[in-house]
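Below is one structure, written out as structure tokens; comments come after it.
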There are 2 protein chains.
Amino acid sequence: MQQKYFQMVTNSENWKLSKDLRPYGNPGSDNFQLEAYPFYMLNRAASRYNLAIEAVLREIGIDIPTWRVLMILGESQPLAIGQVAKSAVINLSTMMRIVERMEKAGLVATSQSEADGRVKQVTMTDAGETTLHEARKVTAPLYDTIIRGFSARDFSTLLTLLDRLIHNLD
Amino acid sequence: MQQKYFQMVTNSENWKLSKDLRPYGNPGSDNFQLEAYPFYMLNRAASRYNLAIEAVLREIGIDIPTWRVLMILGESQPLAIGQVAKSAVINLSTMMRIVERMEKAGLVATSQSEADGRVKQVTMTDAGETTLHEARKVTAPLYDTIIRGFSARDFSTLLTLLDRLIHNLD
DNA sequence: AAAATAAAGTTGCAATCGCAAGTTATTTGC
DNA sequence: GCAAATAACTTGCGATTGCAACTTTATTTT
């Protein structure tokens with residue numbers, strides 16, 4: 001009996017039954033489990049999502065970085081290129097090249113700020129606004145699929161937990 | 001009064017008070033809010049986390065892809081290179097190069113499978129096991145910081161929600 | 001058993017990324 | 001009010017990535 005129980009809790013997937021999973025997600029712990037590691041799950045979710053969204057965006061001829069920038073500018077505009085980079089959590093020099101490409105494609109325009117000559121302001125062009133609108137339209141169905149089965153409560157819980165995670169990362 | 005209420009619910013951050021946030025996270029909706037978009041949050045969290053972990057891993061001389069592969073092999077070994085790629089959600093050809101680098105660094109060894117001549121099996125060397133152990137040790141403190149404030153219930157809820165999200169992504 | 005199809009991995013090549021070392025503009029300390 | 005420090009951006013360059021086309025081995029069909 002004792003033997004059996006011991007086997008039960010150490011075997012395969014049984015850690016999932018534990019009351020407190022936090023130790024299993026600790027990379028330093030002996031009984032570490034990849035599936036209990038929030039950042040493995042986080043990276044998997046983000047990567048999978050990016051694969052899915054990438055396929056959809058290809059239809060309208062844009063890539064993920066472009067879409068991210070458009071989404072950010074859709075929220076507030078114009079924005080310093082450094083702010084865009086921060087929002088997207090993308091290296092400034094990389095963002096430089098992304099904006100360069102987008103400018104060449106006619107999606108955004110850039111200008112030197114009058115208030116502060118160091119900053120480069122980024123604004124969507126009309127074509128950019130149009131593309132953003134299209135991007136939103138084509139990604140909406142995917143959104144519905146992924147959110148399937150999430151109650152209003154689940155949804156807001158997810159947002160809250162992610163937000164707390166992000167805040168702990170300072 | 002009517003006027004004031006209208007202003008209130010359309011202003012700034014007040015969407016957060018809404019009972020059901022799901023519509024705000026829908027890229028197709030008119031009152032879309034970036035912060036209600038789970039994948040913006042997801043990508044932000046993952047990117048921020050990667051920045052933090054990258055800095056820690058640099059101390060022991062490895063990068064994120066290396067660490068991901070070591071973690072995966074730590075879970076089950078030997079593994080076909082294609083399986084490693086799938087687990088890590090990394091392109092096979094990219095994984096090819098990652099394993100190549102790791103092999104050159106003496107962290108893993110590869111061999112052709114006897115059961116199936118097509119598959120390339122990847123195994124950690126002793127040096128790889130040692131590095132994995134070190135990596136776990138140096139990342140553990142970061143883990144504690146990030147998990148701070150998460151109850152056992154919060155933690156398991158996060159894992160469950162992420163898992164459901166991942167499953168919806170098929 | 002041979003031919004056709006599929007699965008698993010390999011590699012050339014062009015594009016993207018990000019570090020490091022700049023430049024230019026603003027702010028701070030004296 | 002000027003020199004030093006800081007902030008914001010820019011760019012060269014080597015490393016990494018991923019598509020596409022290919023090779024090799026296994027499985028399925030005829």
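Chain letters run A, B, ... following the sequence lines, proteins first and then strands; every chain starts at 1. Values reported hereafter were calculated over all heavy atoms of this structure, with side chains retained and with hydrogens, waters and symmetry mates removed.
Contacts classified as side-chain hydrogen bond (donor to acceptor under 3.5 Å, both in side chains) and involving residues 119-148 of chain A (residues at least two apart or in different chains) are not found.
Annotation: proximity of residues 74-82 of chain A to DNA chain D (heavy atom, distance under 4.0 Å) is found for A:Ala80, A:Ile81, A:Gly82, numbered in ascending order. Within residues 113-121 of chain A, the residues approaching DNA chain C are A:Asp116, A:Gly117, A:Arg118, by heavy-atom distance under 4.0 Å. The stretch residues 39-51 of chain A does not touch DNA chain D, since none of its heavy atoms comes less than 4.0 Å from the strand.
With sequence neighbours left out, the side chain to side chain donor-acceptor pair (under 3.5 Å) criterion links B:Asn43 to A:Asn50. Checked against salt bridge (Lys or Arg N to Asp or Glu O under 4.0 Å), B:Arg164 has the following partners two or more places apart in sequence or in another chain: A:Asp154. Scanning for side chain to side chain donor-acceptor pair (under 3.5 Å) contacts around B:Tyr37 gives A:Tyr49, with sequence neighbours left out. Under the rule for a side-chain contact (heavy atoms from CB on, under 4.5 Å), the partners of B:Ser76 that lie at least two apart in sequence or sit in another chain are B:Leu79.
Hydrophobic cluster membership for B:Val89: A:Leu51 (Ile, Leu, Val, Met, Phe, Trp, Tyr linked by side-chain heavy atoms under 4.5 Å, directly or transitively).
Atom NZ of A:Lys86 has 12 or fewer heavy atoms from other residues, nucleotides or ligands within 6.0 Å.
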Practice task
Go along nucleotides 13-19 of chain D 5' to 3' and tag each nucleotide: B for a protein heavy atom under 4.0 Å from its base, S when only backbone or sugar atoms are that close, - otherwise.
Solution key: B--SSBB
Name each donor-acceptor pair under 3.5 Å that joins a side chain in residues 61-69 of chain B to protein atoms two or more places apart or in another chain, with its distance.
{"from": "B:Asp63", "atom 1": "OD1", "to": "B:Thr66", "atom 2": "N", "distance (Å)": "3.1"}
{"from": "B:Asp63", "atom 1": "OD1", "to": "B:Thr66", "atom 2": "OG1", "distance (Å)": "2.7"}
{"from": "B:Arg68", "atom 1": "NH1", "to": "B:Ala88", "atom 2": "O", "distance (Å)": "2.9"}

What side-chain donor-acceptor pairs closer than 3.5 Å can you find for residues 92-113 of chain A, not counting sequence neighbours?
{"from": "A:Ser93", "atom 1": "OG", "to": "A:Asn91", "atom 2": "OD1", "distance (Å)": "3.3"}
{"from": "A:Glu103", "atom 1": "OE2", "to": "A:Thr110", "atom 2": "OG1", "distance (Å)": "2.9"}
{"from": "A:Gln112", "atom 1": "NE2", "to": "A:Gly117", "atom 2": "O", "distance (Å)": "2.6"}
{"from": "A:Ser113", "atom 1": "OG", "to": "A:Ala115", "atom 2": "N", "distance (Å)": "3.2"}
{"from": "A:Ser113", "atom 1": "OG", "to": "A:Asp116", "atom 2": "N", "distance (Å)": "3.1"}

